[in-house]
Amino acid sequence: GCNQKESDSNSSDGSSETGNTETTEVAENTASGPITINPDISGDQEILSKGPHGETAVSAKTLQLTEEEVNKIKEGNYKAAIVMHYAGNDWSTAQIDGLKAAFKRMGIEVVAVTDANFKAEKQVSDIETVLAKDPDIIVSIPVDPVSTASAYKKAADAGVKLVFMDNAPQGLEAGKDYVSVVSADNYGNGVVAAEIMAEKLGGKGKVGVIFHDADFFVTKQRTEAFEKTIKEKYPDIKIVARGGITAPNDGEKVASGMLTKHPDLDGIFVVWDVPAEGALAAARTAGRDDLVITTIDLGTNVALEIASGGIVKGLGAQLPYDQGIAEAILAGYALLGKQAPAYVAVPALKVTEENVLDAWKLVYHKDAPESIQNAAK
Amino acid sequence: MPSKVQNNLSPAKRLKAFDWRNYIVYIAFVGVIIYFSITLHDEGFLTTSNLLNIARQTAMISIMGVAMTFVISTGEIDLSVGSITALASLTAALALQAGLGLFGGIAAGLGTGLAIGIINGLLITKVAIPSFLVTLGMMGIVKGLAMWITGTAPVPIVHSTFNFLFGSGDIGSIPILLIWTLIITIIGHIILKKTAFGRQTLATGGNEMAAKFSGVKTSKIKFLVFVGSGLMAGFAGMLYAGRMHAGRYTFGEGDELSVIAAVILGGTSLFGGVGTVIGTVIGSLMIGTINNGLIIMGLDVSQQMIVKGLIIILAVAFGRKTLKK
Amino acid sequence: MPSKVQNNLSPAKRLKAFDWRNYIVYIAFVGVIIYFSITLHDEGFLTTSNLLNIARQTAMISIMGVAMTFVISTGEIDLSVGSITALASLTAALALQAGLGLFGGIAAGLGTGLAIGIINGLLITKVAIPSFLVTLGMMGIVKGLAMWITGTAPVPIVHSTFNFLFGSGDIGSIPILLIWTLIITIIGHIILKKTAFGRQTLATGGNEMAAKFSGVKTSKIKFLVFVGSGLMAGFAGMLYAGRMHAGRYTFGEGDELSVIAAVILGGTSLFGGVGTVIGTVIGSLMIGTINNGLIIMGLDVSQQMIVKGLIIILAVAFGRKTLKK
Amino acid sequence: MEQPLLSMEGISKSFNGIKVLDSVSFSLRKGEVHALMGGNGAGKSTLMKILTGVYQADEGEIFIEGKKVSINNTEDAERNYISMIFQEFSLVPTLTVAQNIFLTREPKNAIGILNDKECIAKTKELLKELEVDINPTDIIGNLGVGYWQMTEIAKALSQNAKILIMDEPTSSLTKKETEILFNFINKLKKKGISIIYISHRMDEIFQICDRITILRDGKKIATESCDEITMETVIQHMVGADLDKAFEWKERFYSIEGTPILEVKNLSSGTKVKDISFRLYPGEILGVAGLMGSGRSEMVRAIFGIDPIDGGEIFVKGKKHTIKSPTDAIAAGLALIPEDRRMQGLILQHSVKENIILPIISKIKKGVFLDERKANKIAEKFVERLNIKTDDIFKTAGLLSGGNQQKIVLAKWLANNPDILILDEPTIGVDIAAKTEIIDIIRELADSGKSILVISSELPELLAVSDRIIVVHEGRVVKELKRKEIDSEEVLQHAIQGTK
Ligand SMILES: Nc1ncnc2c1ncn2[C@@H]1O[C@H](COP(=O)(O)OP(=O)(O)OP(=O)(O)O)[C@@H](O)[C@H]1O
Ligand SMILES: Nc1ncnc2c1ncn2[C@@H]1O[C@H](COP(=O)(O)OP(=O)(O)OP(=O)(O)O)[C@@H](O)[C@H]1O
Ligand SMILES: [Mg+2]
Ligand SMILES: [Mg+2]
């Protein structure tokens, strides 16, 4: 999950047209049979991210609920609540849609969806409020693993099954306090972005990094992966500038400053797609059509730029919809008392001009919008 | 503040204004409670535990609101409170981590608020910079410090007495946060309405010049209300820390606006001279209740925002109509 | 607004206040420019392209600031502008996507701002709810609408004329954003200082009662300044859209505070009656320059926040001292 | 000779390089009432503000009982038992009468909790002594200027001062309240309290004062005993010339046949205006007399569309008008000069010019723009015509002396040239020379066909200017007198009191 901090809308845009309605249908179309994540997702990729306690990841492709299991869950008439860190982006939207679709098939009612707007204290309030509705399952992504821990612990002690996205609160134990953590392969996505960068620069040049200046597990992993990969694998590429952002609207200012200070910059990595759009605007303004931008998350605007062979050359994408399905499946495991792996990851997806339309379909379970299709022609 | 002001409403209008502003928030609050009690009575809204949750969730806003009522009553504004809570939560947590004990933690949290409040107060009264600019600048400085002090990392607090006393504990079934809110509200109310200091605070906001002519040390009053605001923000920071068992630089983010909204909704005039502590706390509770009810109702975030905005406007508009008659 | 006010500064103090507030922002701005020119002269700060970048980056704040100067001059406040830019960027983008053409896009963007401005104005003048509450509520409503209208998805804009005209284009080497800023600033300045409407705006803020007695239609003036503020926020939303080639619900987030800060820094009184459009734009440029300089300097975000806060406070404090002599 | 209680020696004060006090000396004996006289802007208020620590003198010294003192703030003044009734009111509009009177001296118990009951009780007592009918819990902002002034007086009297400064305490008071105040002053005098009394009402001075000091243009002209100086001399000292025709009524001729230009029928509004009917004819000056609180101001507020009308009709030039706002009233050809210049008349932080041109701002245009040159000319014309003492037309209005501020309010509406001019206490705080000037201007206007309604609590002035006088009592017109029929002030006074 590219659950960025502070007010950002990270990510994969354009899902709305997709996400809210049609993806749900996709799930309903296969209303019987076992529940798994999208079988089209390639499974041969090694998952590079490590879990919050250093666990090696189990691929989400291995998760499954059989038809009998689903029917058994249905009998329970369970209730679930989704407690988000932030609901204002397509990553969240797609994830919630995936969850809702899978829960629907399992006969589980989603009684509340909350948005903490990146405020840990709000999230604690949300957990308390949601507990008033007595849910059996809470699927959640902690804003901050430290300060929300006690609230989650309270929920766990009350017997609620907890499934986490991306990160687990500190001090809670897998298998005891919570079921499992399902993550996108953020580290892998960072590596993908580095590789595309290296490829486009011919293994040589000067690059800048726009990172998320906050103690946030997910975005830290990405930047770390990008920088480590560049340093270790591509010694001729030098990271000459680093600039932090706290909000997505800052992307343009930071990128402009970088280009002012380093007019000879060849590429910029931006930690997620929304600030990357700002970097794009900065590059356009500076007349730097030759710049290479890589980022993470397949948003509409960056997809359009990739499709039209523009400044954004490629990115690593997450698969939030399927991540949601994986989480729902794991919740099912817990309800059934089935052993669940502590750390599950959904593989990273490399997106470039060549595969942008297919990638879109994979991520959002529907065809890319017309504008992108036109651009790709 | 170089641009202090005096009331110039037509006498008739002011009289009316005074009226409805005194009661509207109570009416609106009761209306909101009744509405949710009816629509959400199957969904646990009216359970004791949910109502106590609302009290917990609004405690920090209410407590900062009490102090902000004084600031706004003098016709000034304090935008730095949100940042102060963040820094205070961290300094308290760091002090506890460093083994300075309960009192070390309390001293660090309150001291942070106090120090910033003093600086604000001095800049506003001695250097005479408008409070909006001073506290806006301070908001950035303090937030930056909070980020910098631990490099944005949160600091866990394992001191269970601290956590109990400041946020997490219950006495019987009464959350300690509710007790703190009540104590601060009562003290604030008494100071504003029953002491010379409170009277002089309102006089300073009502007409600074006239107050000065009457022997009110308006600079001292203004200084003190900013110190109070800083101190209460520091206290709120400790409550966040105790409630979350950690200090973190994002605590209280955006709280300045919620606090000011609670104060204005409560009936205190943004132009000074009129203030009510009880109104502020009711305003804070009302916002908290709306937040809680809409989540229980299961609305989308976007719907929640729309409905919340509508309720605030309509509640005031409706109250305005009712009281006009 | 039920709590309008009048100035009650001691005559002597006000005279001084008037003085320094008129010049401080210019002095501070020049000081900031000189400082960065010296410290960052090897790092491209003084290059034309960087200076034009600052102009681009501040254009939206400046333009909204011009309209906000009028709002604050009447003693009111508009917290909804940030949200309006977001919604307007989306409606403009959706209109273009729907094939309504350039004029459709413009009409949608400006129309959004206009409509919200009108609603704000009516609620404030007809229902007489304090502008702080109206626009705070509206801020939530509009933000919620912006999230809801596309389910938080951004809407790309491929209409190159639109993108050129509103944000991305350069005429010669002059960014179109700079041209817009200049046009709006000049118009705003002329309206405020050279027309009856401007005088009546200042009179309304200076003493609403006295203005009313003098035949000024204070309600109409207030209504119009809110319409203007909404309209300019809609325009700023189009500029965001044109610059980013997309509409998005997060555009303009938190801009209300930046806009108000620019206005106050420029020397307009938060209590009304005194206003300067040029000061506002300089205030906006100054904040933009500080942001730019600190980024080029390579400071951490936390350091940037601290230094920016310090500069704002110190610049004003220093100007205050200098002019006192 | 005995040592004076207070003496100020060689006091000078400049604002922005302009000298407003030039080496002024002033002394006050124990138990005397000492009048401080001078034209508007002569420096009276400034001198007294120096004594109370609001301003600091550039030069000069202050001695109290022979000891040199330095007074740098209001507390220093309080320490020396000096207390002042300010011309610009020192009341907080959002607080109640009682809260204002006891501000900073609130009765409280041992742990600092205010005793509101005692505060209210004490206030009640004070107000009873002053014979004013105000509720101690009324919010000051809701009261009229007359009551503000009474509250100010009550506040000053409640402090145990040795030196009490009264800066135009009676400017908004009617005869009745003035008499009560004078009784009070006599009591204080007997207690040995010294009073410095500033007023532009000449007759009062001779009624109450022991000595007079006269300032002109920031310089002291004379200090004399009241017994040894005539009113003519005082005026001559103040004005620097003779003033021949003060306050003399002249019979004017106009027609009261045909349609009245303004007719009010059975007007009621709020609690104070119950049933008011009168007619105003073209070219007529109609005076309105009444006690404080009789509802005169409320009557004109209702006519001008500020307070809502509950009943009755208003006809302008024979046509019925529904006036819902000042804008409607102005459109119908009316103008109101309000009684409260600070709250209703002026934008204090704006310049003299901005204030003067505000009512006509949309008329002085060059294309879409304001014609600044014309605006300046208009402002300059009225500054000259009303003899407004200001450095230039760009001076902030709030920095002018009280009387000069009042003249700006007048100038505003004279510039607009309305058909019907309503003046509510137009000469509050205006000096004797200017008062006669204003009376002349009113007559001139009437002669040129305008119609004028004047409310005034100063009977000589009202008698001098009116062609006809209506008396308002408890919200009703109780009497209508032709000026010709009134042969003394007493007649009118009786009518006002309702005593026959
Ligand atoms: N703070 C100030 N700044 C500039 N000029 C001032 C200030 N205060 C007073 N003045 C000027 O000083 C002069 C004397 O004013 P002052 O108020 O003492 O007059 P006054 O004798 O009380 O007149 P009035 O009878 O009209 O009240 C006036 O010309 C006034 O404009
Ligand atoms: N209850 C009230 N509501 C609104 N305004 C009031 C109220 N009471 C008094 N006023 C204000 O008081 C002022 C006049 O007060 P007052 O009662 O003294 O009447 P008056 O007949 O005009 O007498 P005078 O002019 O001698 O003061 C008006 O400006 C009016 O607005
Ligand atoms: Mg005076
Ligand atoms: Mg009156």
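Numbered from 1 within each chain, the chains take letters A, B, ... in sequence-line order.
Only the side chain of D/I357 has a heavy atom closer than 4.5 Å to any heavy atom of chain C. When heavy atoms are compared at a cutoff of 4.5 Å, C/I190 approaches chain D solely by way of its side chain, counted from C-beta outward.
Listed for the C/N207 side chain is no donor-acceptor partner under 3.5 Å among the backbone atoms of D/L348. Looking only at distances, a side-chain donor or acceptor of D/H350 sits under 3.5 Å from a matching main-chain atom of C/G273.
Closest approach of D/I347 to C/A210, counting heavy atoms only: CG1-CB, 4.3 Å. Between C/F213 and D/Q344, the closest heavy-atom pair is CB-O, 3.6 Å.
In this structure, C/K194 places its NZ atom where only 12 or fewer heavy-atom neighbours from other residues, nucleotides or ligands lie under 6.0 Å away.
Checked options D/P338, D/P326, D/P359; the residue passing with C/S214 is D/P359 (criterion: side-chain contact (heavy atoms from CB on, under 4.5 Å)).
With chain C as the partner, the residue from D/D328, D/I330, D/L400 showing the most heavy-atom pairs under 4.5 Å is D/I330. Chosen from D/R341, D/K395, D/E354, D/K412, the residue pairing most often with chain C at heavy-atom distances under 4.5 Å is D/E354.
Atom CD1 of D/I361 sits about 12.0 Å away from atom CZ of C/F197, to the nearest 0.5 Å. To the nearest 0.5 Å, atoms NZ (C/K212) and OG1 (D/T327) are separated by 9.0 Å.
The shortest side-chain heavy-atom distance between D/S362 and C/Q200 falls under the 4.5 Å cut-off.
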Evaluate side-chain contact (heavy atoms from CB on, under 4.5 Å) for C/V216 paired with D/L358, printing each intermediate quantity in order.
-> CA-CA 8 Å; C/V216 175; D/L358 187 60; 3.9 Å; yes
